[in-house]
A.B. asks: 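Below you will find the structure I want to go over with you.
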Amino acid sequence: MLKDDILHFLEEKTPLFHIDSPSDEFSANKIADLFNVKRNTISQYLNQMVEEEKVIKINTRPVYFLHRKAFEDVFSTVQACIFDSLESLKNQIESVNNNADILNQLVGSDGSLKKAIEQIKSSVLYPDGGLPIILCGPTGVGKSYTANLIYQFSIEKGVLSKDAPFISFNCAQYANNPELLSSNLFGYVKGAFTGADQDSKGMLEAADGGILFLDEVHRLNEEGQEKLFTFLDQGVYRRMGETEGWHHANVRIIFATTFDLEGNFLKTFLRRIPIRVTIPNLEQRDVKEKKEFVYMFLIDEAKKLHLPIHISNRALDTLINHHYQGNLGDLKNTIRYLVASSFAKDTNAEYISITLHDLPDNILRETVQSASQKLKQKNNIIIDPDTTLHQLFASNFSSTDDIKKTYNIILHLFRDKYKKNLDNKHLEQHIFNEILALFDRFIFFNTEKSTGALMEVITVNVQEVLKYMESTNNVKFNGNSVFAMAHFLYFRGTNLIEYTTEQKRIIKQMDGFITGNYQAELLLVKQLVEMLNNKLDVHISKMDELLLTFYLRSQSIEPANDHRMKAIILAHGYATASSIANVANRLLHENIFEAFDMPLDTSIDDIVKSVLQYVERRNVSNGLVILVDMGSLKDIYPRFTKYIDGPIAIINNVSTQTALLVGEMLEKGFYLTDMIEKLKTVNETEYSIIYPEKKKEKVIITSCFTGMGTALQIQKLLEKSIPQNLEMKIIAHDFHRLEESGYTDAIFQLYDVLGIVGTADPGITEVVYISIEDLISGQGEEKFEKILQPVISNDQIEDINNNLLRNFSLERVIATVTILDTEKIISHVEEFLNRLEMLLNRKIPNEKKIGLYVHTSCLIERLIRHEPIEIYQNIDELMKCQRNEIEIIKEAFSVIASVYSVEINIAEIGYIYDYIATTPASESIF
């Protein structure tokens with residue numbers, strides 16, 4: 001019946017529908033031509049099927065008709081069958097996809113945040129109340145926004161009730177008052193402190209049955225961390241002022257911090273937070289994600305002003321490529337400023353215009369300095385108040401969608417084989433092209449910066465399995481087969497793909513075709529699947545199996561006992577030889593080269609062993625061509641000549657160009673001597689010499705003689721004091737390496753070091769040293785100006801001095817290097833120094849006191865964390881010659897030891913002794 005034939009035709013074609021550039025073959029006119037029937041008859045049947053909800057109708061010019069079930073299998077479910085435009089259809093797809101999983105609203109959900117979202121889902125969906133989670137990342141990356149989405153996701157999945165509370169609490173607001181922080185968090189009872197005239201609930205009780213989000217959690221002191229540790233461990237807590245009894249609460253906790261976890265939290269506390277999610281900063285996002293953020297913020301501004309926004313391509317590129325110190329918050333504020341300033345220029349304008357002329361100077365400077373000034377079309381991007389991200393920046397299919405689309409195309413091609421009487425060669429070539437294109441997208445165009453440990457595990461296991469299969473089946477897999485199949489298995493994941501009844505019928509038919517025509521390849525795939533199932537717990541469906549069989553067929557895998565002259569590529573590196581072999585074999589359309597990837601530290605014996613194993617499995621009586629890259633590989637021939645029965649040609653300095661030339665000659669049957677002669681004449685080296693104009697990058701080093709921790713904190717303070725747009729870096733470096741290596745240390749070869757800032761002078765006369773105590777006291781200002789004068793103006797120096805004055809106050813420095821309460825620790829260190837002066841019967845110079853304030857603050861935190869410095873050079877000599885000084889320092893430190901319940905060891909005493917003893921002789925203390 002004609003109506004059934006039309007529906008069947010649409011079911012076949014709909015999986016190939018391109019929503020952004022639809023083909024006329026879905027119009028009534030084209031369908032009428034195909035079936036040789038009047039258009040009115042076709043339209044009547046199509047509209048009947050729309051009413052029956054079997055067909056989707058899109059009222060564009062021309063009108064498009066799609067098979068509903070087939071469309072939903074590929075794209076998403078739809079709520080209606082009639083759409084007034086392609087845009088409305090897109091909007092519904094986007095809406096359905098977003099509602100399917102609210103975490104997809106996060107930009108990068110299928111890219112840089114893919115791993116993070118998997119961790120979040122594990123945290124939320126874990127039985128018995130989920131798992132605590134901590135969000136890590138610098139300021140402005142969206143930790144608070146992510147926490148709110150986790151709350152919404154929890155409600156969406158039924159983990160929390162719709163009226164469950166979401167309480168957000170910023171610990172930084174009470175960083176200098178841990179008691180007030182604790183009372184707000186856990187509550188307090190009447191009389192717990194002055195002013196506590198009644199019982200009060202805390203945040204934990206308020207969040208009962210919901211989520212408590214603790215931002216800047218590194219501000220919690222150790223006591224607060226221990227209380228939370230008890231709650232995480234047992235689900236109970238006590239209010240401030242209570243000494244007995246427990247309160248229970250069912251609360252899921254999300255933590256967030258801008259600090260590194262190790263060194264800033266108690267280990268017992270961290271052990272109770274199994275899910276640690278790192279949210280990348282804006283610079284770690286790829287261009288696609290950055291562009292999506294820019295579009296998202298521009299859409300928000302267009303909605304607020306109810307006006308379209310026109311932005312030029314060049315302005316858009318410049319905004320995307322700029323480095324935003326404050327991450328997303330900085331980008332959002334920049335766009336808000338641009339829109340506001342453009343609007344203020346003409347409040348009656350019909351649209352807001354943003355071009356290069358509107359960008360701030362600091363952003364434009366990066367454009368001038370950029371080496372990639374590509375020509376761009378002058379067309380503006382237009383963003384209306386009702387524009388969607390999908391319209392502006394159609395998100396790429398997820399990897400599963402990409403695989404599903406490829407499978408639909410392969411099934412369609414296979415069906416056409418019988419409908420159009422296509423021969424096997426024609427079918428193969430089309431299917432091979434689709435598979436290779438899919439694998440290329442996974443390897444070369446995936447948007448993730450790093451696929452992580454799972455990819456490494458899969459790659460190593462695939463490599464091991466293929467190597468075993470080569471030896472047992474006497475075959476050789478082509479070039480990058482390991483990486484192609486590993487990427488496919490990684491991106492295929494464990495997601496299920498559903499098929500229509502018709503597609504299942506075609507898969508069964510295709511299975512019969514492959515069984516009858518590709519027996520050798522199918523046997524290899526079955527062996528591969530069985531071994532990988534044992535190693536990786538992978539789930540490989542029938543369609544996956546058929547795709548891998550087609551892939552092996554495309555690689556022209558042949559038995560290893562043929563009589564053609566053999567060729568191998570030996571190269572150092574993880575995949576150098578494989579990559580060259582893969583490119584050459586694909587361009588030559590024949591599997592000519594086999595690859596041996598050699599680690600840099602591989603010995604000659606190991607290389608010879610690998611080649612001999614290859615020779616044992618291959619007939620090389622007609623000759624063997626070995627292409628090598630460099631060094632030791634070209635000297636291998638004397639080691640195995642007695643093991644082969646044919647001529648060998650070893651060709652040095654392998655490249656893709658050389659491999660292609662050798663491959664063409666092998667295809668044409670060249671003799672080895674003719675091949676070498678031709679290579680001599682055509683493989684000449686072309687060269688040009690380019691001398692760099694860029695000077696060494698200017699650097700200020702920070703260091704501390706007790707380790708890298710304080711050096712890193714000093715680095716952060718200097719980075720806050722020096723504008724980011726200056727061409728200068730601040731690098732923390734190991735003090736003892738500087739002291740031992742002096743000016744020969746590698747850092748002085750790599751950078752133009754302007755000066756060293758630290759807690760002790762490493763004694764490098766070629767570079768200016770500024771002590772941390774001089775910066776705090778202001779005495780280092782002149783030295784700092786001196787080292788900066790060659791690179792910045794006087795006005796900038798004045799700004800930097802003001803920043804130093806603010807950032808390098810004693811309180812600020814101590815607050816930076818330790819998480820302890822600043823006021824309390826300064827008070828305790830003051831007691832220690834007063835007692836030390838009394839015991840010494842000497843006054844410690846002020847500059848030394850300032851340094852000791854910083855050093856002792858760090859020392860106290862190390863002792864509290866049970867992480868004291870254990871190593872001190874010449875400790876035996878110290879204990880023998882300075883016994884009196886050791887006892888004095890230990891006695892003076894007892895005022896701190898009793899307050900914090902810690903004990904100072906000999907190594908730490910030694911560092912205090914060194915710090916004081918380095919006073920000039922005229923002011924010697926000891």
Side-chain angles (χ1 to χ4, degrees), residues 19-22 58-61 83-95 97-98 105-108 140 142 145 282 285-324 326-368 370 372-396:
I19 199 166
D20 292 311
S21 55
I58 310 168
N59 286 318
T60 52
R61 292 185 180 178
F83 295 88
D84 56 4
S85 66
L86 286 167
E87 295 304 323
S88 61
L89 177 60
K90 284 185 194 177
N91 290 342
Q92 182 166 134
I93 293 171
E94 186 178 54
S95 175
N97 287 339
N98 284 341
Q105 290 181 16
L106 286 169
V107 173
Y145 176 70
L282 200 53
R285 306 281 192 132
D286 61 20
V287 173
K288 168 188 171 290
E289 292 181 14
K290 283 187 178 180
K291 183 183 286 188
E292 204 161 345
F293 279 123
V294 172
Y295 282 151
M296 185 170 70
F297 295 143
L298 286 171
I299 289 171
D300 290 342
E301 296 304 312
K303 287 178 179 176
K304 288 177 188 175
L305 296 174
H306 304 289
L307 285 174
I309 297 175
H310 295 199
I311 183 169
S312 69
N313 272 301
R314 175 53 70 190
L316 177 66
D317 281 355
T318 304
L319 284 172
I320 291 168
N321 292 323
H322 176 63
H323 172 69
Y324 296 92
N327 292 299
L328 293 179
D330 196 356
L331 170 60
K332 187 175 184 177
N333 288 334
T334 299
I335 289 176
R336 186 178 296 170
Y337 161 77
L338 289 174
V339 173
S341 59
S342 178
F343 176 72
K345 291 175 185 175
D346 185 359
T347 56
N348 296 318
E350 295 182 355
Y351 62 88
I352 296 198
S353 174
I354 299 175
T355 67
L356 278 178
H357 300 283
D358 302 299
L359 302 185
D361 289 348
N362 64 315
I363 295 180
L364 287 174
R365 285 194 193 99
E366 289 189 14
T367 304
V368 174
S370 175
S372 58
Q373 297 290 325
K374 298 179 181 178
L375 293 175
K376 303 287 289 186
Q377 294 181 353
K378 292 188 68 175
N379 297 339
N380 288 339
I381 295 108
I382 300 173
I383 299 170
D384 293 311
D386 58 351
T387 298
T388 65
L389 270 178
H390 190 284
Q391 293 166 331
L392 284 170
F393 196 97
S395 299
N396 292 337

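Below, all heavy atoms of this structure are taken into account, side chains as well, without hydrogens, waters or symmetry copies.
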A.B. asks: Is it the case that the side chain of Ser341 and the backbone of Leu338 share a donor-acceptor pair, with hydrogens and angles ignored and the cut-off at 3.5 Å?
C.D. replies: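 Yes: the side chain of Ser341 pairs with the backbone of Leu338.
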
A.B. asks: List in chain and number order the residues that pass salt bridge (Lys or Arg N to Asp or Glu O under 4.0 Å) with Lys304, two or more places apart in sequence or in another chain; answer none if no residue qualifies.
C.D. replies: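 With neighbours one apart ignored, the set is Glu301.
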
A.B. asks: Minimum heavy-atom separation for Val107 and Glu289, please, with both atom names.
C.D. replies: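 What the structure gives for the nearest pair is CG1-O, 3.7 Å.
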
A.B. asks: Inspect the contact between Asp300 and Lys332 and indicate whether a charged nitrogen and a carboxylate oxygen are less than 4.0 angstrom apart.
C.D. replies: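 Salt bridge flag = no for Asp300 with Lys332.
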
A.B. asks: Quick check against the 3.5 Å criterion: does Thr318 have a side-chain atom that pairs as donor or acceptor with the backbone of Arg314?
C.D. replies: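 Looks like yes, one N/O pair under 3.5 Å.
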
A.B. asks: Report the distance from atom CZ of Arg285 to atom CD1 of Ile320, rounding to the nearest 0.5 Å.
C.D. replies: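 Between atom CZ of Arg285 and atom CD1 of Ile320 there are 14.0 Å.
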
A.B. asks: Write down the atom of Ala315, the atom of Thr355, and the distance for their closest heavy-atom approach.
C.D. replies: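 Where Ala315 meets Thr355 most closely, the heavy atoms are CB-C, 3.7 Å.
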
A.B. asks: If you take all heavy atoms of Ile383 and Ala302, which pair is closest and at what distance?
C.D. replies: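 So the two residues come closest at O-CB, 4.1 Å.
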
A.B. asks: For Pro385 and Pro308, which heavy atoms make the closest approach, and how far apart are they?
C.D. replies: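 Answer, listing the atom of Pro385 first, then Pro308: CD-N, 4.1 Å.
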
A.B. asks: I need the minimum non-hydrogen distance between Thr60 and Leu86, along with the two atoms involved.
C.D. replies: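 Closest approach of Thr60 to Leu86, heavy atoms only: CG2-N, 3.9 Å.
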
A.B. asks: In chain order, what residues pass the ring-ring contact (aromatic ring centres under 6.0 Å, His included) check against Tyr324, with sequence neighbours excluded?
C.D. replies: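 Here the qualifying residues are His322.
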
A.B. asks: Going from OH on Tyr337 to OG on Ser342, what distance comes out if it is rounded to the nearest 0.5 angstrom?
C.D. replies: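 Answer rounded to 0.5 Å: 10.5 Å.
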
A.B. asks: Applying ring-ring contact (aromatic ring centres under 6.0 Å, His included), can you list everything that pairs with Tyr145, at least two apart in sequence or on another chain?
C.D. replies: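 If we apply the ring-ring contact (aromatic ring centres under 6.0 Å, His included) test to Tyr145, skipping adjacent residues, there are no hits.
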
A.B. asks: Could you walk me through whether Met296 and Phe293 pass the side-chain contact (heavy atoms from CB on, under 4.5 Å) check?
C.D. replies: CA-CA 5 Å; Met296 185 170 70; Phe293 279 123; 3.7 Å; yes

A.B. asks: Measure the spacing between CG of Asn333 and CZ of Phe297 and express it to the nearest 0.5 Å.
C.D. replies: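 Result: 9.0 Å between the selected atoms.
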
A.B. asks: Hey, what do you get for CG (Leu316) to CD1 (Ile311), rounding to the nearest 0.5 Å?
C.D. replies: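 Between Leu316 CG and Ile311 CD1, I get 5.0 Å after rounding to 0.5 Å.
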
A.B. asks: Working note: Thr334 + Leu359, criterion side-chain contact (heavy atoms from CB on, under 4.5 Å); need CA distance, chi angles, decisive distance, verdict.
C.D. replies: CA-CA 9 Å; Thr334 299; Leu359 302 185; over 6 Å; no

A.B. asks: Looking only at atom types and distance, does a side-chain atom of Asp346 sit under 3.5 Å from a main-chain N or O of Asn348, one as donor and one as acceptor?
C.D. replies: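 Pair found, side chain donor or acceptor close to backbone of Asn348.
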
A.B. asks: To the nearest 0.5 Å, what is the distance between CG (Leu282) and CG (Leu331)?
C.D. replies: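 Interatomic distance, Leu282 CG to Leu331 CG, rounded to 0.5 Å: 6.0 Å.
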
A.B. asks: Say you draw a straight line from NE2 of His323 to CG of Asn362; how long is it, rounded to the nearest 0.5 Å?
C.D. replies: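 It comes to 11.0 Å.
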
A.B. asks: Could you pull out the closest heavy-atom pair between Leu298 and Ile309, with the gap in Å?
C.D. replies: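 Smallest heavy-atom distance, with atoms named: O-CD1, 3.4 Å.
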
